[in-house]
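The structure appears right after this line, and notes come after that.
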Amino acid sequence: MVSTDRLLAFAALSFLLIIVPGPSVLFVIGRALAHGRRAALTTVVGNTLGACLLVVAVALGVGSLVERSVLVFTALKLAGAAYLVYLGVKAWRQRGSLRAVFAGEEAAPHSGLRTLWEGFAVGVANPKTIVFFAAVLPQFVDREQGHVTSQMLLLGLVFNLIAVASDSVWGLVASTARDWFARSPRRLSAVGGVGGLTMIGLGVTVAVTGRKD
C-alpha cells in the first residue's frame, strides 16, 4: 500500500491545490449566495461524488486517456463550462424569486436532488481536478508494492476528504454572508445576481483556460 511519506506528501499537495478557489469552490459559493447553506452543502456532496467518479476512472485507466487526448479533454472542459454558464444565466433570471422565498411565499426553487446533480456535473467536469488526478496522482503510487488500483483509490479518498472539509467551509462562510444580504431588500435582490454572474464568469474562465496543445 501507499507509504506514510507518500501519503503525507500527496495530502500536502492536495491541500495546496484545493485551498485555491477553482470551479468547484466558486460554484459552491454561487449556490450559497443564491440558495443558502443547505444548497451549498448539498453542492459540496455532489462535487465530491463527481470527483470520486474521476478517481475511479483514473484508477481504471480512463484518466490517462483524458490526459493524453486533447480532443477528449477539450470536449469535457467545454461541456462543463457551458453547463456553468447555463446555470449562471438561470440564476440571474430567477434572482427576483429570492425575496418571495425569504418571505415564505413560495418553496425554494431548487430540490435537494437537483442541486446534488448540478454539483455532481460540475465536479466531474472540473478541468483542474481532471488534470491533477490524471497527471499527478499516479506519481504517488508505489508500483513495487502492488495493488496499484487500491493505492489510487486511497489517494483519491484522501483528496476528497480534504476537499469536502475545505469546500464546506467556503459554503458556510458564503451562506453566512447571504444571511447578511437578506436583512435588506436591496441587498437580497442582488444575491441571486451575484451568484449567477459568478457562475457565468467561472464558465467563461474554464472555457478559455487550460491546455491548448
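Count residues from 1 along the sequence.
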Practice task
Please confirm whether the backbone N or O of I162 pairs with a side-chain atom of S166, one donor and one acceptor, at under 3.5 Å?
Solution key: no
Problem - Closest approach of I18 to D167 (non-hydrogen atoms, all atoms of both residues) - result: CG2-OD1, 4.5 Å
Practice task
Please step through side-chain contact (heavy atoms from CB on, under 4.5 Å) for the pair R6 and Q151, ending with a clear verdict.
Solution key: CA-CA 11 Å; R6 285 174 182 260; Q151 290 186 56; 5.7 Å; no
Exercise for the section: Report the residues that fulfil ring pair (Phe, Tyr, Trp, His ring centres under 6.0 Å) with F10, sequence neighbours left out, ordered by chain and then residue number. Expected result: F132, F140
Problem - Within-4.5 Å side-chain heavy-atom neighbours: V122 and T43 - result: no
Practice task
Compare all side-chain heavy atoms of L53 with those of F120 and state whether any distance is below 4.5 angstrom.
Solution key: yes
Practice task
Taking all heavy atoms of T149 and all of A59, pick out the closest pair and write down the distance.
Solution key: OG1-O, 3.7 Å
Handout entry: Heavy-atom side-chain proximity of T176 to R37 below 4.5 angstrom
Key = yes
Practice task
Might you point out which heavy atoms bring S175 and A32 nearest each other, and give the distance in Å?
Solution key: N-CB, 3.8 Å
Exercise for the section: Report yes if the side chains of L41 and L172 come closer than 4.5 Å at any heavy-atom pair, otherwise no. Expected result: yes
Fill in the blank from the handout: Here the pair of heavy atoms bringing L54 nearest to V124 is CD2-O, 3.5 Å
Handout entry: Over all atoms of both residues, closest heavy-atom pair of F133 and A51
Key = CE1-O, 3.5 Å
